[in-house]
Amino acid sequence: MGPILYLTAFGWGLGSQIHTSEGSYLNFVLPGILSLTAMTSAFNGSGPSITISRIYTKTFEELLIAPIRTSSIAIAKITTGLIRGILACISLIFVSFFYGANPFLWNGIFIIHLVFCLLIFSSLGVVAGLLATSHETMNRLNSFFITPMAFLGGTFFNTSLLPYPISQIINLLPITPCSNGLRAASLGKPQIPEYFIAEIIWLTFLTFTIIWILKNKELTTPYS
Amino acid sequence: MKAIRVIELTKSYGSKRDVIAVDNLSFEVEEGQVFCLLGPNGAGKTTTIRILNTLLKKDRGKIYFFDMDLDKKPQEIKNIIGVVQQHTNVDSELTVWENLLIHAMLHRMKKSIFEERATQLLTAMDMIDKKNRFANKLSGGERRKLTIIKALLHNPKILFLDEPTVGLDTITRRAIWDSIKQLRSSGKTIILTTHYIEEAQMLSDLVLIIDKGKKIVEESPYSLISKLGKVILEYQENSKTIYKFFNSKQEAKRFSANLKDLESILIRETNLEDVFIAMTGNGGEQSCSSLEKCFP
């Protein structure tokens with residue numbers, strides 16, 4: 001629901017009054033809202049369910065005791081976030097057509113960026129879910145990390161408009177290359193390899209982090 | 001054959017590793033044996049069990065299951081163990097059958113084998129009529145039975161039961177005792193932790209009493225009772241209950257003849273609880289912390 005409200009407010013309402021060098025603001029903001037949707041749905045699709053199963057229902061222990069590989073657990077949990085994210089993004093793209101969005105969104109580069117974005121944030125959700133000590137930890141992470149990224153990471157405006165040191169810091173956030181890459185693909189602009197490189201670095205880092213956590217960290221409480 | 005060998009197991013917690021939960025603990029469990037870990041709260045029973053079933057990492061020591069090193073072959077070992085946790089970790093939003101199906105999938109069971117075994121276990125545990133019921137609609141005892149069925153589904157050689165009857169009513173507890181007895185007669189090796197000493201006395205072949213992570217004594221319940229004295233005399237002295245152990249009722253009666261307050265005297269058979277209190281009584285007169293100290 002949140003992304004549709006953003007689409008209505010920023011795309012339809014505010015967007016009808018603003019024209020950018022790339023055309024309508026709706027077409028500019030839609031890739032940003034899509035990366036925001038991918039981020040929140042993939043993160044919340046994987047992270048909180050792991051926290052709940054680890055700390056509250058203790059069903060995560062079933063996976064740890066079962067004779068399955070650590071990498072299988074990692075792939076399964078990342079896939080959960082990926083699928084939930086895909087469903088949310090497909091819904092948003094479908095709705096965006098009714099708002100008069102550019103139908104050229106569905107090109108291959110666009111889809112690759114979207115899948116990278118979903119994988120990155122699903123993996124981030126898995127890391128958070130595995131390390132969180134309570135449900136409140138997840139809420140704090142959402143408040144102080146995910147929500148600021150949703151607004152600052154190239155979603156609603158071009159990050160180059162920010163002062164130099166701040167824009168450089170924001171470019172390091174995982175959502176920024178996703179937003180910029182999706183936008184470049186949807187507006188038919190040339191792709192900058194740095195977007196892909198940044199996405200691959202984030203994804204690789206998070207994947208190895210998950211495997212390291214599953215192999216080395218104690219994911220259960222000492223006295224349960 | 002040794003089903004489990006634990007050698008100098010050590011585990012500590014805290015940022016400085018200063019809370020020692022398991023301290024240089026060694027023990028062996030024979031195949032087909034019911035082995036009980038007894039100890040007061042915080043003794044290290046659950047930590048030991050959770051290290052054995054790979055949920056916690058040890059600081060030091062070696063663990064072997066049928067001569068397989070847990071450090072080297074964790075996947076193989078996970079295939080031969082079943083675990084009933086202290087808490088009932090069933091998925092509330094799934095039915096009994098679906099909970100079992102997920103467990104079967106995690107253990108790569110064939111569909112036909114799963115269906116046969118699940119039906120067999122549900123019938124044996126008197127749960128077959130509840131197989132389509134959601135887990136959140138089950139009573140505490142039924143949820144506990146479901147966790148036991150789950151642990152047995154893949155036919156493990158070794159079963160860990162971490163306080164399997166905690167919080168259950170007497171009838172359900174006795175039903176679960178019957179199930180454990182059946183498992184024992186079927187040749188399963190069972191590692192049991194419990195707070196109910198009566199349970200340990202009735203079910204176990206061997207009892208390991210631990211306190212503060214350290215082994216205090218490892219004997220059969222009968223042997224522990226015999227060594228301590230088959231008869232116990234309880235009496236009051238300065239508002240404290242004193243326990244004295246004797247080898248016969250005659251000995252106890254002779255001793256009690258010299259006592260003043262005859263109304264508070266009780267002579268009865270020693271049970272495992274008396275042994276447990278004598279071993280872990282934490283400084284009382286009856287505490288001896290080891291058999292050697294009890295019988296110098």
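Keep in mind that this is a model prediction, so the values were computed, not measured. Quick note on labels: first sequence line is chain A, next is B, and so on, each numbered from 1.
Between A/Glu218 and the options B/Lys11, B/Lys58, B/Arg50, B/Lys57, a salt bridge (Lys or Arg N to Asp or Glu O under 4.0 Å) holds for only B/Lys11.
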Pair up each side-chain donor or acceptor in residues 75-84 of chain B with any protein partner under 3.5 Å, not counting sequence neighbours, and list the distances.
from	atom 1	to	atom 2	distance (Å)
B/Gln75	OE1	A/Ile68	N	3.2
B/Lys78	NZ	A/Leu64	O	2.8

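Counting heavy atoms of neighbouring residues, nucleotides and ligands inside a 6.0 Å radius, atom CE of B/Met68 exceeds 12 of them. Shown here is A/Lys217, whose NZ atom has no more than 12 heavy atoms of other residues, nucleotides or ligands within 6.0 Å. When the shell of 6.0 Å around OH of A/Tyr56 is examined, it contains more than 12 heavy atoms from other residues, nucleotides or ligands.
For the pair A/Ile65 and B/Gln85, the minimum side-chain heavy-atom distance is below 4.5 Å.
With a threshold of 4.5 angstrom between heavy atoms, A/Thr57 approaches chain B through N, CA, C or O but not through any side-chain atom.
Contacts with chain A (heavy atom to heavy atom, under 4.5 Å) involve these residues of residues 89-101 of chain B, listed by number: B/Asn89, B/Val90, B/Asp91.
Note that OG1 of B/Thr147 and CD of A/Glu62 are 9.5 Å apart. Values are rounded to the nearest 0.5 Å.
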